[in-house]
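The first residue in the sequence is number 1, and the count goes up from there. Whatever order the structure lists them in is the order used to number ligands and atoms, beginning at 1. This is a predicted model, so every value here is computed, not measured. When reading the values below, keep in mind they use all heavy atoms of this one structure, side chains included, and skip hydrogens, waters and symmetry mates.
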Amino acid sequence: MTMTVARQRKVSHPFFARIYPKINAVAEAHGAIEHRQELLVEVSGLVVEIGAGAGSNFRHYPPEVDRVIAVEPEPRLRAQAESAATGASVPVEVRAGRAEELPVADGSADAVVASLVLCTIADVPKALAEAARVLRAGGRLFFYEHIRSADPRFARKQRIVNVVWPLLGGGCNLTRDSEQAIKDAGFTIEHARHFDFVIKGRTAPSAPCVIGVARKATSDVA
Ligand SMILES: C[S@@+](CC[C@H](N)C(=O)[O-])C[C@H]1O[C@@H](n2cnc3c(N)ncnc32)[C@H](O)[C@@H]1O
């Protein structure tokens, strides 16, 4: 039991950590940079970024951001994030940790950023409860996620491909309705843009995406 819990807590994906920068470079060459900029355009104050990966968002934070605490559990990706922090547009501190147990004080953040990460986190409700905990009342969650398709036929394909996808993608899942999970965690969606991220004319199983903003309830009850 203790060993199982320990295994779940450790996030180690050496293969994914090696290939993700290459996958991300292709995505960024075909629109993901613009998606990151769209995600971050309204962010301000003290920001907590969960599962920051190689730090691909760091150079896109606007000047209204005072400081970013970037939490990343995978040691190789965290090292890449530390290197990216040196070229960031705002001060960035990279911390080890998981979204389910954020190393951040209660009510201290103006914004939490989740980009391409709710697909991978082991316990999404717990991670979103943690996002709500670290946000001040009325703080906002900014999200950019690939999601389960609203088209039942495409969603079925996603379910089939998802048998192997997490093994290759560092635990990434194609079948999550992350926007609904955000609502279920007590956030109010302020806006959300849904689109298919088509690269070179190809609609990959991860194409259905959403970029949006959700607000934490103003009372302490999330
Ligand atoms: C597809 S990558 C996205 C990285 C980055 N957010 C981006 O936009 O490029 C998914 C990230 O989630 C991280 N991750 C996996 N499990 C996690 C957890 N429990 N808590 C926080 N991050 C996690 C992985 O280590 C990886 O960095």
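- Phe195 carries Arg193 over the face of its six-membered ring, with the cationic atom under 6.0 Å from the centre and within 45° of the normal.
- For the ligand labelled ligand 1, residue Tyr144 lies outside the 4.0 Å heavy-atom shell.
- Of the possible donor and acceptor atoms, one in the side chain of Ser89 sits under 3.5 Å from a partner among the backbone N and O of Tyr61.
- Close N/O approach between Ile50 and ligand 1 is not found [any backbone or side-chain N/O within under 3.5 Å].
- From the protein, the heavy atom lying nearest to atom 12 (O) of ligand 1 is Val117 CG2, 3.3 Å.
- Listed by number with element, the atoms of ligand 1 under 4.0 angstrom from any heavy atom of Arg36 are 7 (C), 8 (O), 9 (O).
- Formation of a donor-acceptor pair under 3.5 Å by the Asn173 side chain with backbone atoms of Cys119 is found in this model.
- Side-chain contact between Leu141 and Leu128 is present, with heavy atoms from C-beta onward closer than 4.5 Å.
- If you check which protein heavy atom lies closest to atom 19 (N) of ligand 1, you get Glu100 OE1, 2.8 Å.
- Which of Glu72, Arg98, Glu28, Glu101 comes nearest to atom 13 (C) of ligand 1 through a heavy atom is settled by distance: it is Glu72.
- Not one N or O on the side chain of Glu49 forms a donor-acceptor pair closer than 3.5 Å with the backbone of Val112.
- Counting atoms of ligand 1 from 1 in the listed order, those under 4.0 Å from a heavy atom of Glu74 are 25 (O).
- Side-chain N or O atoms of Arg133 include one that pairs as donor or acceptor with a backbone N or O of Val104 at under 3.5 Å.
- The pair Arg76-Glu74 counts as a salt bridge, with a side-chain nitrogen and a carboxylate oxygen less than 4.0 angstrom apart.
- When only non-hydrogen protein atoms are considered, atom 3 (C) of ligand 1 lies nearest to Leu116 O, 3.3 Å.
- Looking only at protein heavy atoms, the nearest one to atom 21 (C) of ligand 1 is Ala99 N, 3.3 Å.
- A heavy-atom distance below 4.5 Å is found between the side chains of Leu174 and Ser206.
- Checked by distance only, ligand 1 and Gly51 come closer than 3.5 Å through their nitrogen or oxygen atoms.
- Polar contact with ligand 1: present for Ser115 (N/O pair, distance under 3.5 Å).
- Close approach to Phe16 involves these atoms of ligand 1, each under 4.0 Å from a residue heavy atom: 1 (C).
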Using the rule given for salt bridge (charged side-chain N to carboxylate O under 4.0 Å, His left out), can you reason through Arg95 versus Glu93, listing the C-alpha separation, both sets of side-chain angles and the distance that settles it, and then say yes or no?
CA-CA 6 Å; Arg95 294 185 185 172; Glu93 181 196 341; 2.8 Å; yes
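- Contacts between His13 and ligand 1, counted as non-hydrogen atom pairs separated by less than 4.0 Å, are absent for every part of the residue.
- Here Tyr20 has side-chain heavy atoms under 4.0 Å from ligand 1, and that is the only part of it that gets that close.
- Within the 4.0 Å heavy-atom shell around ligand 1 one does not find Cys172.
- Of all the atoms in ligand 1, the ones that sit under 4.0 Å from a non-hydrogen atom of Leu77 are 25 (O), 26 (C), 27 (O).
- Between Glu130 and Arg98 there is no salt bridge, since no side-chain N of the basic residue sits under 4.0 Å from a carboxylate O of the acidic one.
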Just do the ring-ring contact (aromatic ring centres under 6.0 Å, His included) check on His35 and Phe197 with the steps written out, would you?
CA-CA 10 Å; His35 300 161; Phe197 186 8; 4.5 Å; yes
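- Only side-chain heavy atoms of Pro73 come within less than 4.0 Å of ligand 1; its backbone N, CA, C and O stay farther off.
- Contact between Ile121 and ligand 1 is present, with at least one heavy atom of the residue lying under 4.0 Å from the ligand.
- Distance alone, capped at 3.5 Å, places no donor-acceptor pair between the Glu28 side chain and the Ile33 backbone.
- In terms of N/O distances under 3.5 Å, ligand 1 is not approached by Thr120.
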